[in-house]
Amino acid sequence: MEPTKGSPSPVDRSSAAAGGYTKRPAVAKPSQSDAAGIRLTETVPYHELYIGGVQVHFPFQPYPSQLGMMNHMIRALNRKQNVMIESPTGSGKSLALLCASLAWSRNFTSKQRQLRANMEAVIRKYCRHNQAAIARLHDASRLKDDRPASPNKDSDLEIVIDGLAASIELEEHVLSDDEDDADADPATPVAVPSGTPSSQPERTVASPTPSTPASYCTACTSPACGGTTATTSNVVQQKGAQPAAVSLESLVLMAVTIWKPTVDHILRAANAGVPAGLTSADIEVLKEARENLDVPKPRIYFGSRTHRQVAQLVDELRRKTPYRLRTAMLGSRSQTCLLNEASEVDAVDEMCRDLLDSSGCSFFSRTQKLAGSHHLQAGGELEIWDLEDIVELGRKVGGCPYYAARSLAESAELTFCPYNYIVDPSIRSAVGVNLHNSIVILDEAHNIEGVAREAGSLEITDLQLVRMAKECAKIIELMIMVRQHTLVMSVAQTLADWLRSSDMVYEFSDHEKQTAVWPNDGASLGELLDSLSLTPALIAALDRAYVEIDADIKSRRAEKNRTVLDLEPDVQLSLGAMRNVQRLLWVLKCAMPGSKYSGDYRAAASRAAVRALPDARPSGRRRRPSSRSSEQAMVVNTLALWSMNPGVVFSEIAEEARSVVLTSGTLSPVGSYASELQAEFASTLEANHVIDPQRFMAMVVECGPSGQPVVAKHSTVSLMSFQDDVGAAVVAIAAQSPDGMLVFAPSYALLSSLFARWETTGHMDALKQSKEVFLEPPGGSSDAFAKMMTRFQETLARKQGEQGPATRGAVLFAVYRGKVSEGIDFADQLCRTVVNIGIPYPAFKDVQVILKREYNDSRSRPAAADDGTGHAERLVSGGEWYETQAFRALNQALGRCLRHKDDWGAIVMLEARFAIPRNAARLSKWIRSYIREYDSFDDAMRNLRGFYATRIASDKAALASVKQVADPPADPPAEPPADPPTGPPAKRRTRQRVKPPAKPRTTTSIYISDDDDFV
Ligand code: SF4
């Protein structure tokens, strides 16, 4: 299950040491420009703000909601806390998150530098005023090397420094080049001079501060210190050096660079009283330095739901913020492999491994060339890049974008990725994401709870198990790692046989699937594992076997690279099989009796008939896309170990990271979200929309045109009266709505039955009179969706009038939780109206939903808070969880039409149940404050018509005023010349283009203290 263990990383030193690929290109060492840290570009104007002591550069005067978000976030980062921020889509959330996190990171570096400078000043003062004590220390160490004492005062200082240097020399190994270099100013490197012992390579250390003078002791030149300085010409013999001539400046620099032993020495001396020349404030400085200076700068991981949303974040950073820094973006081979398209291979991971095991991939060997391209370096036009950029550059350079992206991510200060790269522990380990001390920002985080549960779960089919067993059998025939492969084979075969056994009793069944569950408690699951011989001892043995097989594969690759012989694919388990073993082990360890999380798992075995199985490759290797003719009906048996608790994987993220920031337009109720994730969120914020309330109308329409309440329940949606009323309502709304309109329904099944009915009643024809009709394609095909969206947008662009909105626009029918409802920007004329039918409750009879509700009920009881399972908090009840799932999906869809502050639109909730206060309270804060309820459809339509008319008139007035500014009145006609012109015709006078002045940088200082609560 762990791709990295089998995947060659060009930059993974540790795996190289362990016998991994030797063929990898050398690591692209950050250049000096790489070490430039977070900078500000002059090409983007910005405002300066001070929030919680942090200087933030924002592209414009932020809205109150953005100030609130930045304030909460910076406060949380300062205090190493987690924060949850709910802010409507289109409220500038991404920009606020990017600017706040980068400003904090920049401030972190400045604070570290200042702290270091303060510490150095104290060390120098100590040296100046405690020469005798240090001389004694030095003399003690000197007894061993017979060096003559220095006779003059400067030499006394030398002794002081030499003594300190000697005392710290023993602990030189504590110096971390990486840590020191990372925060150092690259502009002032200072080389350890030629006296450095020849056995050690000459090392370059960065000057601790840009202001470090040529003379070593600025503190001593101050009036308070008496004013003696030593010059760089002073040299002493360093203890043990052969030859032993090191400049005094270098020793001072070493003393402050290898600072920990020096500070410890002074703090020890301070135990007997504040040393001469120092104050108690100086001692506090040293204590603070000891505590904070070796804290590495936190990396930022910024995740969103999809790659497209991540690319939007990158675009925001590049275009709208003044911040420039080393960034990276993580993606899969299927998105970045340069051979993927050409060879039409969909199992790209497997193909890549096969290629690297055999003749190799020419792109791989030029990975370093791509990663080191000047376009991607600081100041390069692709310093902030996305996957499209690196793939395009990879084609030009001939280097592998996949491995280059991973290489660049190792030194990036900000890494973008889809959030399953962060949440799923197996993907995290595969792509080398280390969350320790990092800042994790997860945008569109309303789905994190489900994503985390899925990441902690396992589903494996009998076909995958049988394939794994067959692969093992082939390898055993070759007498390779026989004991280990036999164990894997036997576990896989046992599970497959059990899944296929005819005496399985299924408790749940629908027309597609039958499912047996072991839901009740940990004991029941334990009995099942026991009956399958999956005892703790066997799981431990399987774990050892997996580790040994993985090590064997790596050593074979290393050998192959040495001998330039191709590896036979059948002498090793496929990547898919290795990943399945790894995941099986991970989940079994969590689920087995005695584990902290054993009570959080439910086992299930299901049997389903399917037509095509994506994973049904006989060899597990390269597979051409299947054609319809090759599809055949087959029965698939699946073993599931479902995690009911998102905290199984999320709590680890919260523990590792310095701060976790969850944001979305729809996190409410935030309290229940925090308890589900089993993480403490010290701060939560529900921000308002940036849009003027006059620019949107949120209405609950309880009745349809027939006057009957509209209630889209399971029992009513198939009634003809319901379908006709909804049809008439949608036709009436569409006739008034300008431009684009979205209609959301809970399921494709409902949409399909509505369409069928409306075709016969004439509602569909009536609808087409005012709108071209589109349907979100079911099945999740990205291609089909992209084509539909293009046609929808083109239709609206074509119909958009010169002077105003299209009265005959387009309507798009979609489902909650689908692609349209999340992450797509329907700004301006793309959507002026959102119509909501029903409440999108999860499928009531879905086995996982049933189990999750039961689980939450069992954990919501008071006794559950202290049941010894490690759960500190009670969970919300199953019913509450169920309702919350529905309203999160609903709120997500509601926000589709308001994407920026100048946007406008109407939200029509065509459902009587929204008038119930309990339900209305679950709507997002920015909607529930302005909601209007109508029990008469005609009244609702009248007001809706008035709203559209007002907004359209306002848009026209704004357009006219803009045109007036753009087209000033024509100049009065020039006087005709007295005489007709003679000679050649005068050159046509052209208006000289005047370059507009660069936008000035505005410096607006707004001070918000750490405790101010904006919004
Ligand atoms: S180009 Fe494709 S096959 Fe080649 S190393 Fe990169 S990912 Fe692998």
Side-chain angles (χ1 to χ4, degrees), residues 1-8 15 18-23 345 347-360 426 429-430 458 460-500 532-534 537-586 588 613 615-623 639:
M1 187 65 207
E2 193 217 323
T4 38
K5 294 202 172 185
S7 314
S15 69
Y21 273 108
T22 53
K23 191 179 172 181
V345 176
V348 194
D349 288 354
E350 209 75 65
M351 176 207 70
C352 176
R353 192 180 84 161
D354 287 356
L355 275 176
L356 295 179
D357 281 350
S358 56
S359 54
S426 56
S429 118
L458 163 84
I460 189 165
T461 67
D462 54 345
L463 296 170
Q464 289 170 312
L465 290 163
V466 167
R467 189 166 67 233
M468 189 191 295
K470 282 183 179 165
E471 286 182 26
C472 287
K474 276 190 188 171
I475 301 168
I476 292 166
E477 276 175 23
L478 298 168
M479 302 302 288
I480 297 169
M481 309 282 289
V482 174
R483 180 178 51 80
Q484 293 85 345
H485 286 104
T486 304
L487 184 56
V488 175
M489 183 177 71
S490 119
V491 169
Q493 199 59 58
T494 305
L495 290 175
D497 292 345
W498 172 72
L499 281 171
R500 290 174 170 182
L532 294 169
S533 303
L534 290 171
L538 186 127
I539 292 169
L542 186 64
D543 196 17
R544 279 196 300 278
Y546 169 80
V547 170
E548 286 163 14
I549 291 171
D550 185 53
D552 180 63
I553 291 174
K554 282 179 178 164
S555 75
R556 282 170 185 277
R557 287 192 187 131
E559 180 64 22
K560 174 249 162 188
N561 286 329
R562 273 194 293 277
T563 58
V564 202
L565 288 174
D566 287 359
L567 270 184
E568 282 296 319
D570 286 342
V571 302
Q572 57 186 5
L573 284 176
S574 65
L575 262 183
M578 288 296 281
R579 286 177 188 171
N580 281 328
V581 177
Q582 190 204 24
R583 191 157 190 94
L584 180 67
L585 277 166
W586 192 90
L588 281 175
L613 189 70
D615 227 342
R617 287 168 285 157
S619 66
R621 297 183 188 283
R622 303 181 191 189
R623 184 172 73 92
L639 164 67

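Only a predicted model underlies this, so the values are computations on that prediction, with no experimental measurement involved.
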* To do: Would you sort out whether Leu495 and Leu534 count as a side chain to side chain contact (heavy atoms under 4.5 Å, CB included), showing the intermediate values?
  => CA-CA 10 Å; Leu495 290 175; Leu534 290 171; 4.0 Å; yes
* For Arg483 and Glu548, what are the C-alpha separation, side-chain angles and deciding distance, and is it a side chain to side chain contact (heavy atoms under 4.5 Å, CB included)? -> CA-CA 10 Å; Arg483 180 178 51 80; Glu548 286 163 14; 3.2 Å; yes
* **Steps toward side-chain hydrogen bond (donor to acceptor under 3.5 Å, both in side chains) verdict (Glu471, Ser574)** => CA-CA 8 Å; Glu471 286 182 26; Ser574 65; 2.9 Å; yes
* To do: Check the pair Met351 / Val348 against side chain to side chain contact (heavy atoms under 4.5 Å, CB included), numbers first and verdict last.
  => CA-CA 5 Å; Met351 176 207 70; Val348 194; 3.9 Å; yes
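Ion pairing between Arg556 and Asp552 holds under the 4.0 Å rule for side-chain N and carboxylate O.
Taking both residues in full, the closest heavy atoms of Gly576 and Glu350 are given as N-OE1, 3.5 Å, listed atom of the first, atom of the second, then distance. The two residues Ile549 and Met481 come nearest to each other via the heavy atoms N-CE, 3.9 Å. Nearest heavy-atom pair across Ala469 and Gln493 is CB-OE1, 3.4 Å. A pairwise comparison of heavy atoms in Arg353 and Leu573 identifies NH2-O, 2.7 Å as the closest pair. Minimum interatomic distance between Ala492 and Met468 (heavy atoms only, all atoms of both residues): CB-SD, 3.9 Å. The minimum heavy-atom distance linking Ala545 with Leu487 is given by the pair CB-CD2, 4.2 Å.
Atom-to-atom distance recorded for Ile475:CD1 and His485:NE2 is 4.0 Å, nearest 0.5 angstrom. Leu639 contributes atom CG, which lies 10.5 Å from atom CD of Gln464 (distance to the nearest 0.5 angstrom).
No side-chain heavy atom of Val581 sits less than 4.5 Å from a side-chain heavy atom of Val491. By the 4.5 Å heavy-atom criterion applied to side chains, Gln572 and Ile480 are not counted as neighbours. For the pair Trp498 and Leu532, the minimum side-chain heavy-atom distance is below 4.5 Å. Considering only heavy atoms from C-beta on, Val466 comes within 4.5 Å of Arg500 through its side chain. In this structure, the side chains of Thr486 and Cys472 stay at 4.5 Å or more apart for every pair of heavy atoms. Residues Thr494 and Leu465 have side chains not in contact (no heavy-atom distance under 4.5 Å, counting atoms from C-beta outward). No side-chain heavy atom of Leu458 sits under 4.5 Å from any side-chain heavy atom of Asn580. Side-chain contact between Leu585 and Gln582 is absent, with no heavy-atom pair separated by less than 4.5 Å.
Remark: Asp543 engages Lys589 in a salt bridge (charged side-chain N to carboxylate O under 4.0 Å, His left out) (not counting sequence neighbours).
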